[in-house]
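Below is one structure; the comments refer to it alone.
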Amino acid sequence: MAGLLRTHYCGELRPAHAGQEVALAGWVRTVRDHGGLLFLDLRDRSGVVQVVFHPGRGEEADLFRQAQELRAEYVVLVRGKVSMRPPGRANPALPSGEVEVIPSYLEVLAPSLVPPFEVDGRAEPDESLRLRYRYLDLRRPVMLERLGFRHRAVKAVRDFLDSRGFWEVETPALTRSTPEGARDYLVPSRVQPGHFYALPQSPQLFKQLLMVAGVDRYFQIARCFRDEDLRADRQPEFTQIDLEMAFVDEEDVLTVMEEMLGHVFRTCLGVELELPFPRLSWDEAMDRFGTDKPDLRLPWEIRDLSDLAARTEFRIFRDALAEGGTVRGLRLPGIALTRREIDALTAEIASLGGRGLAWLAWEDGGQVRGSVARFLGGDAPAWRERLAAGPGDTVLISAGPLQVVRRVLGFLRTRVAEEKEAVREPGWRFLWVVGFPLLEWNEEEGRWQAEHHPFTSPLEEHLPLLETDPGKVRARCYDLVLNGEELGSGSIRIHRRDLQERVFRAIGITPEEARERFGFLLEAFAYGAPPHGGFALGLDRLLMLMVGAPSMRDVIAFPKTARAACLLTGAPAPVSPAQLAELHLRLAIPSTRGH
RNA sequence: GGAGGCGUGGUGUAGCUGGUUUAACACACCUGCCUGUCACGCAGGAGAUCGCGGGUUCGAAUCCCGUCGCUUCCGCCA
């Protein structure tokens with residue numbers, strides 16, 4: 001269609017173009033037919049410009065009659081002259097609003113059915129309709145703008161990493177099923193009956209192999225697949241900014257990530273991020289905020305009240321402490337809760353293991369009230385001081401095992417803020433959370449497992465604990481959090497075969513299993529692996545936050561629904577018996593429908 | 001796997017404590033009129049048996065059960 005000779009985008013016309021002959025192509029946004037005068041709003045991805053048709057005589061009259069046939073979303077070609085609008089007729093709401101186009105030629109390149117929803121309408125159609133007609137949904141200026149933003153952000157990432165000596169390397173999409181982690185998407189092999197590929201959950205192992213290969217600095221805008229249930233911020237396929245560096249320690253990786261994000265925010269949003277990002281140890285994050293991804297825009301913090309609680313006669317507190325637990329409180333500054341609200345919250349925390357919720361509140365006069373107020377006795381001022389509580393504040397108190405108390409108060413922190421629409425401080429509050437436990441106890445399977453992944457290096461000084469007290473070992477890993485959303489994680493990897501085998505042993509992977517599952521990696525490490533570390537950042541999540549979209553689906557061109565379906569193509573869908581046979585597959589679907 | 005929300009002309013909503021509607025409103029659509037609009041305006045028109053199935057009832061968009069779809073959260077997501 002190069003012969004169309006489009007000369008300009010609609011949205012870029014300005015007074016400077018006045019007098020020029022232009023050729024525009026785009027979609028009809030609206031036609032305002034005044035009978036003796038007709039306005040056409042022509043739209044392309046750059047925006048809108050107004051084209052004015054006069055009835056006149058001869059050719060002009062033909063053009064006018066043609067224009068009267070135009071309908072929304074017709075694709076048209078317009079040639080004409082850019083002209084200043086008459087005095088007082090400019091539209092300040094439109095970037096091109098000072099000019100208009102006087103046409104000399106009009107051609108319908110393609111008509112359109114009446115669209116199933118108004119592309120430029122005020123109302124946002126139901127999301128399933130948007131997804132079914134995604135190409136029309138994406139035609140909406142907000143959505144096109146988001147796609148453009150995504151392009152610019154990815155370009156900024158590439159430019160930055162290139163400038164720092166990173167090479168972009170592609171890794172396989174058809175790979176081996178990984179033993180731990182999320183459920184894999186499997187692809188059956190036709191050539192090898194009964195064997196399967198898995199789509200990668202991340203390029204983790206390959207990037208480590210690239211380090212062994214001497215690539216030194218690798219990155220990839222990598223598609224990752226995880227067959228788990230979806231959320232507003234979780235899709236079965238998503239994109240990571242994946243990178244790995246050889247001969248580095250934590251500081252190198254964190255600095256590169258900070259500078260990369262600084263570059264992206266500067267180029268895409270014109271925002272200057274404050275570097276470096278603050279860091280919090282995992283233990284401190286859990287103690288102060290009850291979560292490993294605290295939203296720092298919310299200043300509320302958790303306080304340990306165990307010593308004070310020990311002096312009360314309150315059974316629940318004393319029992320919790322006697323069993324080795326803790327008593328902690330969360331102050332809600334200036335927030336009053338009704339009994340009913342507290343009951344509702346108590347019910348909600350039951351699923352987190354919280355058996356009850358105590359509370360205190362301070363009156364204007366300074367007197368304390370609440371479910372445990374009568375147990376404070378002479379210690380009331382000490383409680384108040386510890387919590388820094390003042391009139392109008394409510395404090396929620398949880399007692400029990402440390403893990404449960406953290407989880408409960410961490411949950412309440414965001415839950416109440418949401419409910420009460422507590423004001424969050426504005427801004428981009430990045431945070432590094434470092435020093436996660438290397439291992440976590442899997443209650444169900446009765447064994448230790450990797451908290452991050454099994455290739456994460458333990459802290460050197462914790463190595464002796466690996467066999468004696470695995471839960472105490474901290475890892476050389478780091479999570480990046482933005483406004484309470486986990487953006488990604490990374491670590492310094494194990495590069496010595498002996499240590500890798502010790503970690504495998506700690507998580508109950510026998511040498512035989514290790515060889516079976518990761519033999520290729522262990523073997524590679526036997527041939528001179530450099531110390532290395534890296535990071536993987538969730539691109540979709542980052543973009544969602546940057547553009548202020550409520551869901552990751554809004555920054556992905558063709559996303560899946562909560563049931564992992566594509567409403568546009570109808571995927572997933574059945575395949576023919578012939579296809580199954582070719583793949584040596586037979587279906588075993590239990591007949592659940594009893595009619 | 002569990003819990004909640006939503007489903008009404010093409011679109012977005014109202015109606016939903018059962019019977020005063022012939023299911024309403026806005027936008028879109030169709031016809032006509034209109035020379036400066038830009039969410040153009042005016043007049044007229046067409047269009048929904050209320051996701052689907054079953055039940056309760058004299059009577060169901062409205063109540064109940066099931067089911068499907070979308071969605072939010074928990075579990076899950078090394």
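Numbered from 1 within each chain, the chains take letters A, B, ... in sequence-line order. Computed over heavy atoms, backbone and side chain alike; hydrogens, waters and symmetry mates excluded.
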Legend entry - Complementary nucleotide of B/A61, counting Watson-Crick and G-U pairs under 3.5 Å: none
Inset, instruction - Using salt bridge (charged side-chain N to carboxylate O under 4.0 Å, His left out) as the criterion, list what pairs up with A/R65, not counting sequence neighbours. - result: A/D62
Legend entry - Within-4.5 Å side-chain heavy-atom neighbours: A/I349 and A/R415: no
Legend entry - Length of the CD-C1' vector between A/Q50 and B/C40, whole Å: 11 Å
Inset, instruction - Please state the C1' separation for the pair B/G69 and B/A26 - nearest whole angstrom. - result: 26 Å
Legend entry - Among B/G36, B/C70, B/C73, the one nearest A/A232 by side-chain distance: B/C73
Legend entry - OP1 or OP2 of B/C70 under 4.0 Å from side-chain N/O of A/T561: yes
Inset, instruction - Mark yes when over 12 heavy atoms from residues, nucleotides or ligands other than A/R132 sit less than 6.0 Å from its CZ; otherwise mark no. - result: no
Output a table of nitrogen or oxygen pairs between the protein and nucleotides 4-10 of chain B separated by less than 3.5 Å.
residue	atom	partner	partner atom	Å
B/G10	O2'	A/P116	O	2.6

Inset, instruction - For A/F39 and B/U37, give me the distance from atom CZ to atom P, rounded to whole Å. - result: 7 Å
Inset, instruction - Report the nucleotide, chosen from B/G36, B/C34, B/G12, that has the shortest atom-to-atom distance to any side-chain atom of A/D33. - result: B/C34
Inset, instruction - Measure the acute angle between the ring planes of A/Y478 and A/F535, then classify it against the limits of 30° and 60° as parallel, tilted or perpendicular. - result: parallel
Inset, instruction - Would you please classify the geometry between the A/H453 ring and the A/F455 ring as parallel, tilted or perpendicular, with 30° and 60° separating the classes? - result: tilted
Check nucleotides 45-48 of chain B against the protein and report each pair of N or O atoms closer than 3.5 Å, with its distance, or say if there are none.
none

Inset, instruction - Provide the distance between the two C1' atoms, one in B/U67 and one in B/U20, to the nearest whole Å. - result: 34 Å
Inset, instruction - Measure up the A/F436 and A/W282 rings against each other and bin them: parallel (under 30°), tilted (30 to 60°), perpendicular (over 60°). - result: tilted
Legend entry - Integer angstrom distance from the C1' of B/A61 to that of B/C16: 7 Å
Inset, instruction - Provide, to the nearest angstrom, the distance between the CG atom belonging to A/D41 and the P atom belonging to B/A28. - result: 13 Å
Return the polar atom pairs (N/O with N/O) between nucleotides 75-77 of chain B and the protein under 3.5 Å, or none.
residue	atom	partner	partner atom	Å
B/G75	N7	A/R231	NH2	2.8
B/G75	O6	A/R231	NH1	3.0
B/G75	O6	A/R231	NH2	3.3
B/G75	N1	A/D229	OD2	2.7
B/G75	N2	A/D229	OD2	3.3
B/C76	O2'	A/E228	OE1	2.7
B/C76	O2	A/R234	NH2	3.0
B/C76	N3	A/R234	NH1	3.1
B/C76	N3	A/R234	NH2	2.8
B/C76	N4	A/R231	NH2	3.3
B/C76	N4	A/R234	NH1	3.0
B/C77	O2	A/R234	NE	3.4
B/C77	O2	A/R234	NH1	3.2
B/C77	N3	A/R234	NH1	3.2

Legend entry - Check: B/U11 base within 3.5 Å donor-acceptor of A/R130 side chain: no
Inset, instruction - Using the P atom on both, measure B/A43 against B/C34 and round to a whole Å. - result: 16 Å
Legend entry - Nucleotide of B/G36, B/C40, B/C70 approaching A/T30 most closely (side-chain heavy atoms): B/C40
Legend entry - Electrostatic pair A/R234:A/D229 at N-O distance under 4.0 angstrom: no
Legend entry - Which residues share a side-chain hydrogen bond (donor to acceptor under 3.5 Å, both in side chains) with A/K293, sequence neighbours left out: none
Legend entry - Nucleotide opposite B/U21 in a Watson-Crick or G-U pair, distances under 3.5 Å: none
Legend entry - Distance between P atoms of B/U8 and B/U57 (Å, rounded): 29 Å
Inset, instruction - Examine the base of B/C38 for any acceptor or donor lying under 3.5 Å from a partner atom in the side chain of A/R29, and report the outcome as yes or no. - result: no
Inset, instruction - Determine whether any donor atom in the side chain of A/E127 lies under 3.5 Å from an acceptor atom in the base of B/G69, or the reverse, and answer yes or no. - result: no
Inset, instruction - Using the closest heavy atom to pick a nucleotide of RNA chain B for each, name whichever of A/P125 or A/H453 lands nearer the 5' end. - result: A/P125
Inset, instruction - Would you say whether A/H54 stacks on B/U35? The test is a distance between ring centres of less than 5.5 Å and an angle between planes of less than 30°. - result: no
Inset, instruction - Tell me, yes or no, whether the heavy-atom count around A/R45 atom CZ, taken from other residues, nucleotides or ligands under 6.0 Å, exceeds 12. - result: no
Inset, instruction - Give a yes or no on whether a salt bridge exists between A/R29 and A/E118, defined as a side-chain N under 4.0 angstrom from a carboxylate O. - result: no
Legend entry - First of A/A93 and A/A450 reached from the 5' end of RNA chain B, by closest nucleotide: A/A93
Mind listing the N/O atom pairs, protein and nucleotides 30-32 of chain B, below 3.5 Å?
residue	atom	partner	partner atom	Å
B/C30	OP1	A/R71	NE	2.8

Legend entry - A/R32 vs B/G36: side-chain N/O to OP1/OP2 distance below 4.0 Å: no
Legend entry - Mate of B/G69 where both pairing distances stay under 3.5 Å, Watson-Crick or G-U: B/C6
Legend entry - Nearest-Å distance once atom C1' is located in both B/U72 and B/G55: 30 Å
Inset, instruction - With P as the reference atom in both, quote the distance from B/A46 to B/A24 in angstrom, rounded to an integer. - result: 13 Å
Inset, instruction - For B/G7 and B/G45, measure between their P atoms and round to the nearest Å. - result: 30 Å
